[in-house]
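The next block holds one structure in the form of structure tokens; read it before the comments.
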Amino acid sequence: MTTREEIETRLLRAVAVEPPEDGLRWLDQRVAQIAARPVALPRRGLSSPRLILHPVALLAAFVLLTGAVVGALGLLDWIIESSGQPGWQTAWDEAERLDLSATDAGVTINVERAYADLNQVLVGFTVAGLEVPTTAVEDPPALQWMVEIQDPTGRSSEQWATSQGGMGMDETGLSAVVQTWEGVVAPSAGTWVLTFTSVGYHGGGFVPGQCTVGATEPECVSPPPTGMIDGTWQFRFQLPEPIGAIVSTDAQATVGQGTLTLTELRVSPTMIKATMALQVAGAAILDWGWVGGGSVRQDGTAYSFHAGRHVTTDPEQQGPMGDVNELMTVAGTDAVAGTWELEFAELSYRMSNGERVQLDGPWTLTVTVP
């Protein structure tokens, strides 16, 4: 979970203007509210697989900038800078400038920029024309949306994206969002199709407090009205061939009873993704993760793994290498050649009876790419 100090640091970096004192007081309260509750993911029409999360940027959080007139690009720039993800900054800097606009049902969506490499797709867009619903809840509602993106080969993101993330900021009458899709991006140049079908507030039934039967919180007794607007906002745009490299490998390291195998590295300017399997002699593994740090180094430059995706969620689908995870960094590189070294200080796995076991390392795996 992201700590309050991390959240405050990133949000303060984003707010580089001098809002009125009332606005600053409100922002302090908003930061405290965000830090005190679980993050609510916006509606995006895709159920993300289970993620193994290490502390990283604050995602799917909205901040309202009262008293500051910034504009669309200014808000999007602030989101990128405050995200804490160098890969997002790289994607934003290298993205295609689009400035495409569509209006339906009185709401205008403008797609400012888009980027794709072999690990992820990033889109920055703004929404104008929505009226924020008035409720008894002090915390302003976060923007929600339903969106689908289709790649040049005709695949929808439901077919290739394994997870989605986003971060947004609100200004009076304007919302700005940076959204990413992570997964196996097709190495094809051509036309991408981005389609929004719904946008607004209180669309997913989420209210602060996670209402249960008998709950007496005001937002549970009198839930806010649905503020979603249905429509069709569609954008077609050209992107160059996604850059990056896929390195197949059988690098392996064994420490004690645990054998760690690296089967693939996907290297792109925004992310490094490692597909890895763990096998423990005499033990059936339900899932596993890394403890005490995990990183990949290329000729002396280190990148920490901050998140992962459990691939073989069904133990019966595990292959001869064991249980498989995809591990991801929040920064990448366009330099692939050289010596890659992955190191994990400790690992932890869960057995079929639910018991969690810790394995002491370190495990070091080395791959040389000509």
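We use all heavy atoms of the structure for the numbers below, so side chains are in, but hydrogens, waters and symmetry mates are not.
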Criterion side chain to side chain donor-acceptor pair (under 3.5 Å) on T195 and Q234, from CA distance to verdict
CA-CA 4 Å; T195 306; Q234 190 169 85; 2.9 Å; yes
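- Salt-bridge formation is detected for the pair D287/R356: a Lys NZ or Arg NE/NH1/NH2 atom is positioned less than 4.0 Å from an Asp or Glu carboxylate oxygen.
- Between T339 and Q298, the side chains place no donor N or O within less than 3.5 Å of an acceptor N or O (distance only, hydrogens not considered).
- The minimum heavy-atom distance linking P242 with V185 is given by the pair CG-CG1, 4.0 Å.
- Looking at every heavy atom in both residues, G256 comes nearest to T254 through O-CG2, 3.7 Å.
- A heavy-atom distance below 4.5 Å is not found between the side chains of L286 and M351.
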In sequence, state the C-alpha distance, the side-chain angles, and the governing distance for L278 and V280, and then conclude on side-chain contact (heavy atoms from CB on, under 4.5 Å).
CA-CA 7 Å; L278 176 65; V280 177; 4.2 Å; yes
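- For Q358 and S348, the side-chain atoms include no donor-acceptor pair closer than 3.5 Å.
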Determine, step by step, whether L130 and V199 satisfy the side-chain contact (heavy atoms from CB on, under 4.5 Å) criterion, reporting the C-alpha distance in whole Å, the side-chain angles of both residues, the deciding distance to 0.1 Å, and the verdict.
CA-CA 9 Å; L130 285 173; V199 64; 4.0 Å; yes
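- Under the 4.5 Å side-chain criterion, counting only non-hydrogen atoms from C-beta, T180 is in contact with W88.
- With hydrogens and angles disregarded, no donor-acceptor distance shorter than 3.5 Å links the side chain of S198 to the backbone of D230.
- T312 and Q318 share no donor-acceptor pair across their side chains, judged by distance under 3.5 Å alone.
- Ring pair F125/F196: centre-to-centre distance below 6.0 Å.
- Donor-acceptor pairing under 3.5 Å is recorded for the side chains of D77 and W92.
- Counted by atom type alone, Q238 and E96 present zero donor-acceptor pairs between their side chains at under 3.5 Å.
- Cluster membership check: V296 shares its hydrophobic cluster with V255, using side-chain heavy-atom separations under 4.5 Å among Ile, Leu, Val, Met, Phe, Trp and Tyr.
- Of the listed residues (T366, V247, V267, T249), just one forms a side-chain contact (heavy atoms from CB on, under 4.5 Å) with W340, and that residue is V267.
- Residues satisfying the salt bridge (charged side-chain N to carboxylate O under 4.0 Å, His left out) criterion with R297, sequence neighbours excluded, are E341.
- V336 and I246 fall into different hydrophobic clusters, where Ile, Leu, Val, Met, Phe, Trp and Tyr are joined by side-chain heavy atoms under 4.5 Å apart, directly or via other members.
- For the atom pair CD of Q120 and CZ of R266, the computed distance is 11.5 Å after rounding to the nearest 0.5 Å.
- With hydrogens and angles ignored, the 3.5 Å screen pairs no side-chain donor or acceptor of S304 with any backbone N or O of H306.
- Rounded to the nearest 0.5 Å, atoms CG (D99) and CZ (R113) are 10.5 Å apart.
- Using a 4.5 Å cut-off on side-chain heavy atoms (C-beta onward), P269 and I243 make contact.
- Criterion: ILVMFWY side-chain heavy atoms under 4.5 Å apart, direct or through other members. Under it, V107 and V123 are part of a common hydrophobic cluster.
- Classified by interplanar angle (parallel below 30°, tilted 30° to 60°, perpendicular above 60°), the ring pair F344/F305 is parallel.
- T259 and Q279 are not linked by any side-chain donor-acceptor pair at a separation below 3.5 angstrom, with hydrogens and angles left out of the test.
- Remark: the N110 side chain and the E112 side chain contain an N/O donor-acceptor pair separated by less than 3.5 Å.
- The distance from the OG1 atom of T197 to the CD1 atom of I229 is 13.0 Å, given to the nearest 0.5 Å.
- When all heavy atoms are compared, the tightest approach of A186 to T153 is CB-CG2, 4.0 Å.
- A donor-acceptor distance shorter than 3.5 angstrom exists from the side chain of N119 to the backbone of M271, with no hydrogens or angles considered.
- The backbone N or O of L327 lies less than 3.5 Å from no partner atom in the side chain of N325, so there is not a single donor-acceptor pair.
- Using a 4.5 Å heavy-atom cutoff, the side chains of V311 and T275 are not in contact.
- Heavy-atom neighbours of E94 CD from other residues, nucleotides or ligands within 6.0 Å: at or below the threshold of 12.
- Side chain of W363 to backbone of G258: a donor-acceptor contact under 3.5 angstrom is found.
- F237 is listed as a side-chain neighbour of L239, based on a closest heavy-atom distance under 4.5 Å.
- Between the side chain of T162 and the main chain of E182, a donor-acceptor pair closer than 3.5 Å is present.
- Using a 4.5 Å heavy-atom threshold, the side chains of E148 and S157 count as touching.
- To the nearest 0.5 Å, atoms CG (L194) and CH2 (W192) are separated by 10.5 Å.
- Side-chain heavy atoms closer than 4.5 Å link hydrophobic residues (I, L, V, M, F, W, Y) into clusters, and following such links, possibly through other members, connects I285 to L347.
- Looking at D323 and H310, their side chains come closer than 4.5 Å, going by heavy atoms from C-beta outward.
- Under 3.5 Å, the side chains of D104 and T232 contain no donor-acceptor pair of N or O atoms.
- Pairing each heavy atom of A91 with each of Y115, the nearest pair is CB-CD2, 3.4 Å.
- In terms of hydrophobic clustering, with Ile, Leu, Val, Met, Phe, Trp and Tyr side chains grouped at heavy-atom distances under 4.5 Å, L265 and V369 are assigned to a common cluster.
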Before giving the answer on side-chain contact (heavy atoms from CB on, under 4.5 Å), spell out for S82 and M167 the whole-Å C-alpha distance, their side-chain angles and the decisive distance to 0.1 Å.
CA-CA 9 Å; S82 62; M167 187 172 177; 3.5 Å; yes
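- A 6.0 Å sphere centred on CG of D314 holds more than 12 heavy atoms belonging to other residues, nucleotides or ligands.
- Looking only at side-chain heavy atoms (C-beta outward), L260 and M276 come within less than 4.5 Å of each other.
- Taking CG of L75 as the start and OG1 of T126 as the end, the distance is 8.5 Å to the nearest 0.5 Å.
- Inspection of the E264 and S248 side chains reveals no N or O donor paired with an N or O acceptor under 3.5 Å.
- A distance of 10.0 Å separates OH of Y201 from CE of M228, quoted to the nearest 0.5 Å.
- Neither side chain, E343 nor S295, offers a donor N or O lying under 3.5 Å from an acceptor on the other.
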Would you check, one step at a time, whether the test side-chain contact (heavy atoms from CB on, under 4.5 Å) holds for V111 with W233?
CA-CA 10 Å; V111 177; W233 299 264; over 6 Å; no
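- Looking at every heavy atom in both residues, A245 comes nearest to L118 through N-CD1, 3.7 Å.
- Annotation for P86 and A331: closest pair CB-CB, 3.9 Å, computed over non-hydrogen atoms.
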